[in-house]
Amino acid sequence: MKHILDALEERRANARLGGGQARIDTQHKRGKLTARERIDLFLDHGSFEEYDMFVQHRAVDFGMDKGEKIPGDGVVTGWGTVNGRVVYVYAKDFTVFGGSLSETHAQKIMKIQDMALRNKAPIIGLFDAGGARIQEGVAALGGYAEVFQRNVLASGVIPQISVIMGPCAGGDVYSPAMTDFIFMVRDTSYMFVTGPDVVKTVTNETVTAEELGGAKVHTTKSSIADGAYDNDVEALLQMRRLIDFLPSSNRDELPEWPSFDDPAREEISLDTLIPDNPNKPYDIRELILKVADEGDFFEIQEAHARNIVTGFARVEGRTTGIVANQPMVLAGVLDSDASRKAARFVRFCDAFNIPIVTFVDVPGFLPGTAQEYGGLIKHGAKLLFAYAEATVPKVTLITRKAFGGAYDVMASKHLRGDVNYAWPTAQIAVMGAKGAVEIIFRADIKDPGKIAERTKEYEERFLSPFVAAERGYIDDVIMPHATRRRIARALAMLRHKELENPWKKHDNIPL
Ligand code: HXC
């Protein structure tokens, strides 16, 4: 009997070696951990249950039948827990055929995807792989399409997270692109549909992997990635933090963590957050951190479209999505990038029943040919659409400017905002005083005295929260120092909100 048990241990030890010690050493030399080391760091200690450790490929072409068969076939799959909550995980093993996907490798991922969807728990993929296994041809392509199909079916039902931890191409970027969030590791991870060599052959462009698809490119320019970290360890620990914010599925309750932060905590410093000069910026993050439990904020897309801030915080221990215009960048204006970024975030929150708190200080949509040619109308409409279709609790606070269409868009009362607050410093109008006076009093334009008088009149009448409050578009004008308490109370009051949109197969959001 003992020798049978020993044989199992031997088989397991062999499988754990993946592509062998030499390739593991290369992986480490490149500053990367192995698939199993990554899983161990990500999950609660000792919680990993591995499946399909002994699966091998069945390919016969290109000498594959005579070559080495490595148990596990380039992906480590299973489930475990993060702070006690179940998550499914698969990690590409770059030491085995570069983590490329074969027919059997795909079946392993599909099994985990099916289990995650059936049992309603998040799934996280750790990517370090070169796409479809070239030697398997259409069997690998088919395998990928099956994985993609499952990504789509799971979208909006369970959270799907991808972490890019090495060079990734082909299906190893398309599958992540269909998940909710993508994170990268700086200097060791790349994402491209085709790598630099193919680029050179097809377009004659010479480009490095970093320039083509490094973390900097994808967190700033392309916005493919939602964030980047300095190394594998940091990335995986941050993923544990993210999981803590997310419900396990669209039918599950929000996770609730103990908080020792008084929901009625007053922040006197907020009374002076808004500068006297309306054109002076201030950091909206200060407000976010002062409202959040323990100042804990997990930012999404921090480096892209920085004129809007999106991320997760907690109030009274429960997750809340935060969307906030950032006056520090482009005066917080809404442009195409900011609209798309916030729209995607709002839709994620709505899909997973996460209430949304919106902080508004927006001078309007960004004018100009660059924006119009780039499709601002449609991109702006995405955010409008996202807020309008969202049925989760929506609490909005206007801190300063809410001008023009941007007032409407930013979770206004008219888009079924549940509780809409304003600070006394709010200015809710079609536009700022100068532009408005120059248009409606064009006849007086050459008379500076009259213009000054008209401007003062406009500022007094319109650049305040009270015109909106008189109509009930603002439910209350609140003191800045009481913001956390008022938001916490609003969210608690809205906890059992029920609102359903008319039945439809799905909507037709302007893509
Ligand atoms: C089989 C592969 C492979 C692949 C890498 N390897 N990619 N084996 N199929 N797709 C193997 C290599 O042969 C090598 O084996 C080992 O993995 C490490 O690869 P290297 O090239 O030495 O590593 P590196 O220099 O770091 O480059 C990594 C890489 C590059 C950028 C990922 O390997 C690459 O460009 N691979 C091909 C990418 C690609 O075009 N894939 C097909 C995409 S099509 P040894 O034995 O030497 O260790 C696709 C279809 C999906 O995915 C559909 C999308 C819609």
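Remember, it's 1-based here, ligands and their atoms both numbered in the order they're listed. Position 1 is the first residue of the sequence; numbering continues from there.
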Asks: Closer than 4.0 Å to some heavy atom of Gln135 - which atoms of ligand 1 meet that?
Replies: 1 (C), 9 (N)
Asks: Under 4.0 Å and counting heavy atoms only, is there anything from the protein next to atom 14 (C) of ligand 1?
Replies: no
Asks: Measure the distance from atom 9 (N) of ligand 1 to every protein heavy atom, then report the residue, atom name and distance (to 0.1 Å) of the closest one.
Replies: Ile134 N, 3.1 Å
Asks: Starting from atom 51 (C) of ligand 1, which protein heavy atom do you reach first, and at what distance in Å?
Replies: Gly171 N, 3.4 Å
Asks: Tell me: protein heavy atom nearest atom 29 (C) of ligand 1, and distance?
Replies: Pro167 CB, 4.4 Å
Asks: Can you tell me which residue among Glu136, Met110, Lys92 is in a side-chain contact (heavy atoms from CB on, under 4.5 Å) with His105?
Replies: Lys92
Asks: Less than 4.0 Å from atom 23 (O) of ligand 1, is there any heavy atom belonging to the protein?
Replies: yes
Asks: I'd like to know if Asp230 pairs up with Arg186 as an ion pair, taking the criterion as any Lys NZ or Arg NE/NH1/NH2 lying under 4.0 Å from an Asp or Glu carboxylate oxygen.
Replies: yes
Asks: Check Arg318 with Asp293, please: is the shortest side-chain N to carboxylate O separation under 4.0 Å?
Replies: no
Asks: Answer yes if a protein heavy atom lies under 4.0 Å from atom 41 (N) of ligand 1, otherwise answer no.
Replies: yes
Asks: Are any of the side-chain nitrogens in Asp232 or Lys32 under 4.0 Å away from the carboxylate oxygens of its partner?
Replies: no
Asks: My question is simple, although I want it checked carefully: is atom 34 (C) of ligand 1 less than 4.0 angstrom from any protein heavy atom?
Replies: no
Asks: Please list the nearest protein heavy atom to atom 46 (O) of ligand 1 with its residue and the distance rounded to 0.1 Å.
Replies: Arg23 NH2, 3.1 Å
Asks: Taking N or O atoms only and a 3.5 Å limit, does Arg30 qualify as a polar contact for ligand 1?
Replies: yes
Asks: Considering only the protein, which heavy-atom contact is closest to atom 6 (N) of ligand 1, and what is its distance?
Replies: Phe97 O, 3.7 Å
Asks: So, Arg340 side chain and Ser223 main chain: donor-acceptor pair closer than 3.5 Å or not?
Replies: no
Asks: Enumerate the atoms of ligand 1 whose separation from the nearest heavy atom of Gly131 is less than 4.0 angstrom.
Replies: 52 (O)
Asks: Where's the contact between Ala132 and ligand 1, heavy-atom distance under 4.0 Å: side chain, backbone, both or neither?
Replies: both
Asks: Kindly state if atom 26 (O) of ligand 1 has a protein heavy atom within a strict 4.0 Å cut-off, that is, under 4.0 Å?
Replies: yes
Asks: At under 4.0 Å between heavy atoms, is it the side chain or the backbone of Phe94 that contacts ligand 1, or both, or neither?
Replies: side chain
Asks: Among all protein heavy atoms in this structure, tell me which lies nearest to atom 37 (C) of ligand 1, with the distance rounded to 0.1 Å.
Replies: Gly130 O, 3.9 Å
Asks: Which atoms of ligand 1 have any heavy atom of Arg133 under 4.0 Å away?
Replies: 1 (C), 9 (N)
Asks: Just to confirm, does any protein heavy atom lie below 4.0 Å from atom 17 (O) of ligand 1?
Replies: yes
Asks: Look at atom 43 (C) of ligand 1 and say which protein heavy atom is nearest, naming residue and atom and giving the distance to 0.1 Å.
Replies: Gly170 CA, 3.7 Å
Asks: Quick check for you: to the nearest 0.5 Å, what is the distance between Tyr51 atom OH and Tyr88 atom OH?
Replies: 7.0 Å
Asks: Checking Thr95 side chain against Gly19 main chain: does a donor-acceptor pair fall under 3.5 Å?
Replies: yes
Asks: Which option, Tyr174, Phe192, Tyr190, owns the non-hydrogen atom nearest atom 55 (C) of ligand 1?
Replies: Tyr174
Asks: Considering non-hydrogen atoms only, spot the tightest contact between Val323 and Val346 and give its length.
Replies: CG2-CG2, 4.0 Å
Asks: Where do Arg241 and Asp296 land on the side chain to side chain contact (heavy atoms under 4.5 Å, CB included) test, with the steps shown first?
Replies: CA-CA 10 Å; Arg241 204 177 138 224; Asp296 189 11; 2.9 Å; yes
Asks: Would you check if the side chain of Asn501 reaches a backbone N or O of Glu389 as a donor-acceptor pair within less than 3.5 Å?
Replies: yes
Asks: Validate the cation-pi geometry between Arg23 and Phe94: distance from NZ or CZ to the six-membered ring centre under 6.0 Å, angle to the ring axis within 45°.
Replies: no
Asks: Would Leu141 count as a polar contact of ligand 1, with the cut-off being nitrogen or oxygen pairs under 3.5 Å?
Replies: no
